[in-house]
Amino acid sequence: MSIFEELGKFGLSKAVNFVYRNPEKNMMKVMEAVDKFSGGRFPSQIQTIEDAIQNPDHAYYPYVRHVLFDVERDVVKTIINNFFFNVNLKGWKIQEELREKYNCNIPWAVLLDPTSACNLHCTGCWAAEYGSKLNLSYDEIDDIIRQGKELGIYMYIYTGGEPMVRKKDILRLCEKHSDCIFLCFTNGTLIDDEFADGMLRVKNFVPAISLEGFEEATDSRRGEGVYSRVMQTIERLHKRKLFYGISACYTSQNYDSITSKEFLDELVRAGAYFIWYFHYMPVGNDADVSLLPTPDQRIEVYNRINEYRHHNSLFMMDFQNDGKYVGGCIAGGRRYLHINANGDVDPCVFIHYSDSNIREKSLLDCLRSPLFMAYHDGQPFNENMYRPCPMLENPEVLPDLIAKTGAHSTDLQSPESATHLCDKCTSYAEKWAPYADDLWTGKIDVRT
């Protein structure tokens with residue numbers, strides 16, 4: 001039995017119980033043990049957690065206690081075991097070994113669409129481009145997870161469509177793969193009392209509920225009454241002391257409200273534990289380019305998120321502007337990939353091109369396909385980590401990758417060429433470049 005297996009089987013449950021006996025005293029003792037078992041990996045991440053545990057002035061000092069005391073104890077134990085141990089310590093070690101062995105990307109997480117169907121019809125939703133009749137079967141998803149775990153992947157993220165259309169299968173998979181963490185981007189309207197009770201039972205399912213801002217903004221895009229239904233869902237989860245968060249896409253129209261202190265304070269009052277921001281991407285032949293934020297708007301979003309995360313107990317992620325923390329583009333299997341409901345393996349949830357299908361190839365063979373190897377060999381696509389994407393900030397890159405590898409559009413409703421997609425980003429990229437360069441060189445002051 002390896003040291004990782006030994007720690008997983010016997011150490012973590014006892015360690016969490018040890019923390020709860022005297023949290024203020026024992027949290028640091030446990031982190032010292034984690035640092036030892038990590039073998040020197042993740043030094044900055046471990047240091048950040050240790051700082052948040054012991055420094056009352058640290059922004060996440062109250063957040064640590066929020067999770068520890070406001071989430072149901074067995075859910076906390078499962079999250080710590082599955083996310084911190086399996087996903088990061090144990091899983092990362094396997095991934096590193098296989099990256100070297102096969103000379104290809106091995107992802108930290110797999111995004112997959114259980115279905116292309118959805119119970120809503122949101123304006124401008126790129127997922128709707130796939131159509132509504134595609135599904136990955138239970139057995140197919142189960143096999144993807146089985147293959148993934150052999151590669152050291154214990155993090156699975158459901159997108160769609162609306163994944164909750166398949167909520168019975170989702171709970172079955174949580175139970176079968178109880179050593180994994182399952183995050184789900186969802187509109188939240190299908191999480192009823194029965195499913196919330198199921199979440200409390202399996203303990204390894206975490207919803208990220210989509211909001212466009214306050215009621216008017218959310219209902220205008222998602223439909224009348226959706227905001228109210230989402231708030232009822234959040235209350236349902238909060239009542240059961242479950243771990244959950246928010247997913248938000250910022251555009252030129254909603255960036256101000258969706259990053260406002262008023263909106264974020266409301267999420268804190270509602271008990272949310274995290275918010276994951278996404279930059280609008282003009283995916284699809286009919287995508288509205290006017291929704292792309294201006295450079296000044298993107299800078300304002302960056303500043304607001306940075307300012308809020310330094311002073312409040314809400315964990316915040318900015319998918320586009322946090323590239324500096326992850327070394328640029330994380331797609332193409334470098335840290336994640338996307339499998340749509342037709343089985344096509346895309347390098348990114350926003351890049352709908354593929355040369356592989358999970359029904360025809362193993363997950364490892366997909367990662368060694370020409371398209372994924374082009375990502376592997378080309379990353380980072382820009383040395384400036386505020387310009388990470390081969391589509392949005394480097395629109396000259398993606399069409400070349402697609403042409404050289406023979407990849408095809410996986411949009412079955414209205415296939416879009418990579419050239420057409422990236423042409424929509426050319427003006428944006430040119431305008432953003434000098435701002436990104438000033439951010440990267442420190443010429444733009446960042447609010448904290």
Side-chain angles (χ1 to χ4, degrees), residues 107-122 124-138 140-142 144-145 148 153-167 169-171 173-174 177 180-191 195 204-212 221-222 230 233 244-250 274-281 283-284 287 317 319-320 330-333 335-354 357-358 363 366 389 391 409-413:
W108 175 82
V110 170
L111 276 69
L112 54 93
D113 302 346
T115 181
S116 62
C118 184
N119 62 315
L120 299 181
H121 302 282
C122 303
C125 176
W126 58 259
E129 299 290 326
Y130 282 130
S132 60
K133 298 180 180 179
L134 303 176
N135 292 279
L136 292 172
S137 70
Y138 171 88
E140 287 172 332
I141 300 173
D142 177 46
I144 291 168
I145 298 169
I153 307 165
Y154 289 86
M155 181 78 174
Y156 295 88
I157 305 176
Y158 293 124
T159 56
E162 170 49 52
M164 291 294 97
V165 171
R166 300 282 302 283
K167 55 187 176 181
D169 282 341
I170 282 174
L171 286 180
L173 290 160
C174 286
H177 299 282
C180 295
I181 283 287
F182 295 92
L183 178 71
C184 180
F185 293 112
T186 172
N187 62 46
T189 61
L190 297 180
I191 299 179
F195 187 81
N204 59 344
F205 181 85
V206 179
I209 300 170
S210 298
L211 282 175
E212 309 300 324
R221 185 182 180 205
R222 297 185 174 272
V230 167
T233 291
Y244 56 94
I246 302 299
S247 169
C249 174
Y250 63 90
F274 64 88
I275 182 167
W276 198 330
Y277 280 103
F278 293 89
H279 185 293
Y280 173 75
M281 299 289 195
V283 178
M317 295 163 282
F319 192 76
Q320 209 65 22
I330 62 173
R335 295 293 177 264
Y336 90 100
L337 54 77
H338 173 241
I339 304 174
N340 71 20
N342 193 48
D344 298 309
V345 185
D346 300 328
C348 175
V349 72
F350 301 114
I351 305 291
H352 300 162
Y353 303 94
S354 179
N357 191 289
I358 199 65
L363 185 56
C366 293
C389 181
M391 173 189 72
S409 172
T410 57
D411 183 336
L412 300 181
Q413 295 287 97

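- With values rounded to the nearest 0.5 angstrom, Asp169 atom CG is found 8.5 Å from Tyr158 atom OH.
- Remark: the backbone N or O of Cys180 is not paired with any side-chain donor or acceptor of Tyr156 at under 3.5 angstrom.
- Between Cys184 and Met164, the shortest heavy-atom distance links the atoms SG-CE, 3.8 Å.
- Rounding to the nearest 0.5 Å places CG of Asn342 at 5.0 Å from CG of Leu412.
- The shortest non-hydrogen separation linking Arg166 to Tyr138 is NH2-N, 3.5 Å.
- Closest non-hydrogen pair, Leu337 versus Pro107, comes out as CD2-CG, 4.2 Å.
- A distance of 4.5 Å separates CZ in Phe319 from CD1 in Ile330, rounded to the nearest 0.5 Å.
- Side chains of Ser210 and Asn187: no donor on one and acceptor on the other come within 3.5 Å.
- Looking only at side-chain heavy atoms (C-beta outward), His177 and Phe182 come within less than 4.5 Å of each other.
- Taking 4.5 Å as the limit, some side-chain heavy atom of Asp113 sits within range of a side-chain heavy atom of Asn340.
- The closest side-chain heavy-atom distance from Ile191 to Pro207 is below 4.5 Å.
- Using cut-offs of 30° and 60° for the angle between ring planes, the His352 and His338 rings count as tilted.
- Put simply, the side chain of Phe274 reaches to within 4.5 Å of the side chain of Leu183, judged on heavy atoms.
- For the atom pair Leu112 CG and Tyr336 OH, the distance stands at 12.5 Å (nearest 0.5 Å).
- Within the 4.5 Å cutoff, no side-chain heavy atoms of Thr189 are placed close to those of Thr233.
- Partners of Trp276 according to the side-chain hydrogen bond (donor to acceptor under 3.5 Å, both in side chains) rule, which considers only residues two or more places apart in sequence or in another chain, do not exist here.
- We find the CG-CG distance between Asp346 and Asp411 to be 10.0 Å, quoted to the nearest 0.5 Å.
- Within the 3.5 Å criterion, the main-chain N or O of Asp344 finds no donor-acceptor partner in the side chain of Ser354.
- In this structure, Ser116 contributes its side chain and Ala341 its backbone to no donor-acceptor pair below 3.5 Å.
- Scanning both residues, Cys366 and Ile358, for their nearest heavy atoms gives SG-CD1, 4.3 Å.
- Taking 4.5 Å as the limit, some side-chain heavy atom of Met391 sits within range of a side-chain heavy atom of Ile351.
- Between the side chains of Thr115 and Asn135, a donor-acceptor pair is found at a separation under 3.5 Å.
- Here the OH atom belonging to Tyr277 is positioned 10.5 Å from the OG atom belonging to Ser247, to the nearest 0.5 angstrom.
- Put simply, the side chain of Lys167 gets close to the backbone of Leu190: a donor and an acceptor are under 3.5 Å apart.
- Annotation for Pro163 and Gly161: closest pair CD-O, 3.5 Å, computed over non-hydrogen atoms.
- Considering every non-hydrogen atom in both Val165 and Ala117, the closest pair reads CG2-O, 4.1 Å.
- For the pair Ile144/Leu136, a side-chain contact is recorded, criterion being any heavy-atom separation below 4.5 Å from C-beta on.
- Contact check for Gln320 versus Met281: side-chain heavy atoms found under the 4.5 Å cut-off.
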